[in-house]
**Q** 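Structure below; questions to follow.
The figures here come from the full heavy-atom set of this structure, side chains too, leaving out hydrogens, waters and symmetry mates. This one's a predicted model, so the numbers in the text were calculated from it and none came from an experiment. Sequence lines set the chain letters: A, B, ... in the order given, protein chains first and strands last, and positions in each chain run from 1.
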Amino acid sequence: MNNAQIAAKFEMLADLLEFQGANSFRIRAYRNAARTIESLSQQISDILNDTSQKLTDFEGIGKDLAEKCQVLVETGKLPQLEDLQKKIPPSVLAMLRIPGLGPKKAAVIYKELGISTLEGLREACQDEKIRALKGFGAKTEQTILSGIDLAATADQRVYWAKADKLVQRLREHLESAKGIEKLTFAGSYRRGKETVGDIDILTVAESSNEAMDRLGEFPDLEEVIARGDTKMSIRLASNMQVDLRVVPAKSYGAAMQYFTGSKEHNVKVRGIAKQRGLKINEYGVFRVNDDGSETYVAGETEEDVYAALDLPCFPPELRENRDEFKLVETGLPKLITVEDIVGDMHMHTDATDGLNTLEEMIEAGIAKGYQYIAITDHSKRVSMANGLNAERLLEQWKTIDKLRNKYDGKIQILKGLECDILEQGGMDLPDEVLEQGDWIIASVHYGQGQPKQQITDRIVGALENPNVCIIAHPTGRLINRREPYEVDLDAVFQCAKENKKFVELNANPARLDLNDVYCHAAKGQGIPIGINSDGHKIEGLDVIRYGIMQARRAGLTKEDVVNTRSWDDIRKLLGRV
DNA sequence: GCCGTTTTCGGCCCGACTGTTTTCAGTCG
């Protein structure tokens with residue numbers, strides 16, 4: 001049983017306990033543990049087998065949950081969870097996804113009416129049975145009814161890149177309103193998470209009514225969910241929820257801090273404030289006086305808010321309560337920026353499945369101001385993409401030789417290849433061909449469903465090939481679409497380290513592979529990470545910034561990344577000079 | 001259920017909005 005599966009069991013247990021009305025802190029403990037487990041770069045099973053480590057060393061995992069992890073790893077089951085599932089049909093949990101219907105109300109519906117499915121709930125609403133329950137009314141019944149269809153799609157999160165397009169439109173729309181003095185998009189969008197579930201907007205405005213009216217005029221609006229004096233929530237036709245908060249200028253920084261999150265980061269910050277006799281909320285930092293009154297200490301800027309707690313202003317990407325508070329002692333890392341990138345080392349041309357010619361891609365690289373690019377078309381196994389055989393590849397490299405004269409002094413053009421790692425293991429093209437290139441990427445495209453050992457052996461084998469420089473998209477995951485393959489990344493990292501090889505952070509917004517947790521782990525091992533576009537057309541080169549966002553979440557600095565260096569320095573890293 | 005430089009017990013973040021209430025519980029973020 002892997003970490004994701006263990007975390008899912010704990011989440012399920014938390015859901016069921018919540019439904020039962022259990023102690024809320026106990027429920028939180030399960031959820032915290034699930035989060036911790038999901039962000040571990042090592043498998044729980046490996047930690048259990050390693051006598052030098054204890055599960056209880058990890059935050060949020062105590063004696064009890066460590067034992068439950070062990071039971072899950074050994075048996076794949078959790079007796080406590082199975083007992084609960086016997087009492088509560090899993091289908092009732094679907095009710096919790098209906099906006100406005102939480103565990104308390106759902107429990108009443110289940111207990112009083114015996115309803116356990118969304119269909120049963122729909123019928124009860126239509127028969128006006130829900131409004132008869134204590135604490136319910138006609139309005140609640142209507143909310144539930146119209147929320148049932150939403151429940152199916154409610155927790156769909158969109159790629160950050162897609163959220164960004166929406167944010168730009170919202171920004172333009174709101175900025176044209178009169179009296180909006182400040183405007184920030186907070187939440188997971190600001191933290192640069194790979195996916196975004198809703199949009200949080202924060203403003204300082206002369207009139208909150210005008211700001212809200214303006215949001216109400218947004219063309220994609222489907223419904224206004226709530227609107228009060230300072231807060232408004234709307235749902236767009238795409239089902240995306242947008243929340244707007246209007247705050248006073250002296251609270252703007254505090255509100256930014258508060259609404260940027262993450263929730264877990266803020267819980268920690270609040271705890272630190274409390275230890276110091278301070279209170280922090282979206283309006284500011286306050287000193288709690290002996291008589292119970294409160295004095296405003298800070299709140300105008302985020303820097304002020306953190307400074308009031310003797311904390312540095314954490315970059316939003318680090319605010320996950322992973323290890324950012326521990327980093328304070330040694331100083332926060334200076335996170336990488338788009339400007340640090342001096343080359344792109346993974347792209348395709350129309351020789352295979354790209355849309356633009358070799359020269360067009362080179363010109364695009366020059367337009368980006370890069371020192372170098374690597375042309376890395378597919379190898380022959382990827383027949384669907386018209387992959388290159390030895391003859392066509394060598395022909396392309398000859399052309400590059402000629403183009404190097406033409407573009408001398410403007411950009412370095414590396415002879416590269418994205419060479420397929422074959423299903424049975426081994427590289428798609430022979431070593432005597434590969435060794436004539438500058439930059440060989442190895443990647444898996446076929447046999448993604450193979451067992452862990454087999455697929456790991458293939459990747460490790462590729463890294464041991466002296467011609468290979470880097471593993472592209474090492475887990476193969478596609479966000480929201482395809483799970484990662486069952487690769488043992490510990491073994492991959494170990495091998496990369498021993499052989500002075502690199503791993504890729506593929507910047508395509510659907511891949512972002514490696515993810516933040518594994519990039520952080522690779523950095524910890526001292527393995528350089530290449531952030532590449534995998535562009536299949538000129539505009540495809542623009543995705544680098546999504547990769548940078550992910551890299552920042554992993555705490556990467558310029559020094560951790562391959563293509564912030566000159567090509568000569570990269571060759572040194574590879575031990576080739 | 002977790003955690004500890006006041007603590008091994010008694011805390012565990014906190015405010016806005018809605019609906020159903022006559023002062024508050026539930027939900028959400």
**Q** Quick one: salt bridge (charged side-chain N to carboxylate O under 4.0 Å, His left out) pairs with a partner in residues 245-257 of chain A, sequence neighbours left out?
**A** A:Arg245-A:Glu282
**Q** With the side chain of A:Lys68 defined as its heavy atoms from C-beta on, choose the nearest nucleotide among B:dG26, B:dG1, B:dC14.
**A** B:dG1
**Q** Does a nitrogen or oxygen in the side chain of A:Tyr258 sit under 4.0 Å from OP1 or OP2 of B:dA16?
**A** no
**Q** Report the residues that fulfil side-chain contact (heavy atoms from CB on, under 4.5 Å) with A:Thr75, sequence neighbours left out, ordered by chain and then residue number.
**A** A:Val71, A:Lys77
**Q** With rounding to the closest Å, how many angstrom separate the C1' atoms on B:dC12 and B:dT18?
**A** 27 Å
**Q** Looking at residues at least two apart in the chain, or sitting in another chain, which of them share a ring-ring contact (aromatic ring centres under 6.0 Å, His included) with A:Tyr110?
**A** A:Phe19
**Q** Does OP1 or OP2 of B:dG15 have a side-chain N or O of A:Lys279 closer than 4.0 Å?
**A** yes
**Q** Starting at the 5' end of DNA chain B and moving along, which residue's nearest nucleotide shows up first, A:Gly102 or A:Glu282?
**A** A:Glu282
**Q** Sequence neighbours left out, what passes side-chain contact (heavy atoms from CB on, under 4.5 Å) with A:Lys63? Give chain and number order.
**A** A:Glu67
**Q** Is the shortest distance from a Lys or Arg side-chain nitrogen in A:Asp516 or A:Arg322 to a carboxylate oxygen in the other one below 4.0 Å?
**A** yes
**Q** Test of understanding: with side-chain contact (heavy atoms from CB on, under 4.5 Å), list the residues that count as partners of A:Gln85, not counting sequence neighbours.
**A** A:Met12, A:Leu16, A:Leu81
**Q** Please check the phosphate of B:dG29 (OP1 and OP2 only) for any side-chain N or O of A:Ser262 closer than 4.0 Å.
**A** no
**Q** Only pairs with both distances under 3.5 Å count, Watson-Crick or wobble alike; so what is the partner of B:dT8 in this structure?
**A** none
**Q** Which nucleotide in the list B:dA16, B:dG29, B:dG1 gets nearest to the side chain of A:Ala29?
**A** B:dG1
**Q** Just the table, please: protein N/O against nucleotides 21-24 of chain B N/O, every pair under 3.5 Å.
**A**
none

**Q** Look for any protein N or O under 3.5 Å of an N or O in nucleotides 4-7 of chain B and output each such pair with its distance, or none.
**A**
none

**Q** Among residues at least two apart in sequence or on other chains, which ones pass side-chain contact (heavy atoms from CB on, under 4.5 Å) with A:Val338?
**A** A:Arg545, A:Ile548
**Q** Is the shortest side-chain heavy-atom distance between A:Asp213 and A:Arg227 below 4.5 Å?
**A** yes
**Q** For residues 317-329 of chain A, which residues have at least one heavy atom under 4.0 Å from DNA chain B?
**A** none
**Q** Does any residue of residues 266-273 of chain A have a heavy atom under 4.0 Å from DNA chain B, and if so, which ones, in number order?
**A** A:Val267, A:Arg270
**Q** What's the closest nucleotide to the A:Asn281 side chain, out of B:dG1, B:dC14, B:dG29?
**A** B:dC14
**Q** Could you work out, with ring-ring contact (aromatic ring centres under 6.0 Å, His included) as the rule, every residue matching A:Phe218, not counting sequence neighbours?
**A** A:His173
**Q** Is there a side-chain contact between A:Val204 and A:Ile180 (heavy atoms, below 4.5 Å)?
**A** no
**Q** Mind checking what makes side-chain hydrogen bond (donor to acceptor under 3.5 Å, both in side chains) contact with A:Glu141, not counting sequence neighbours?
**A** A:Arg131
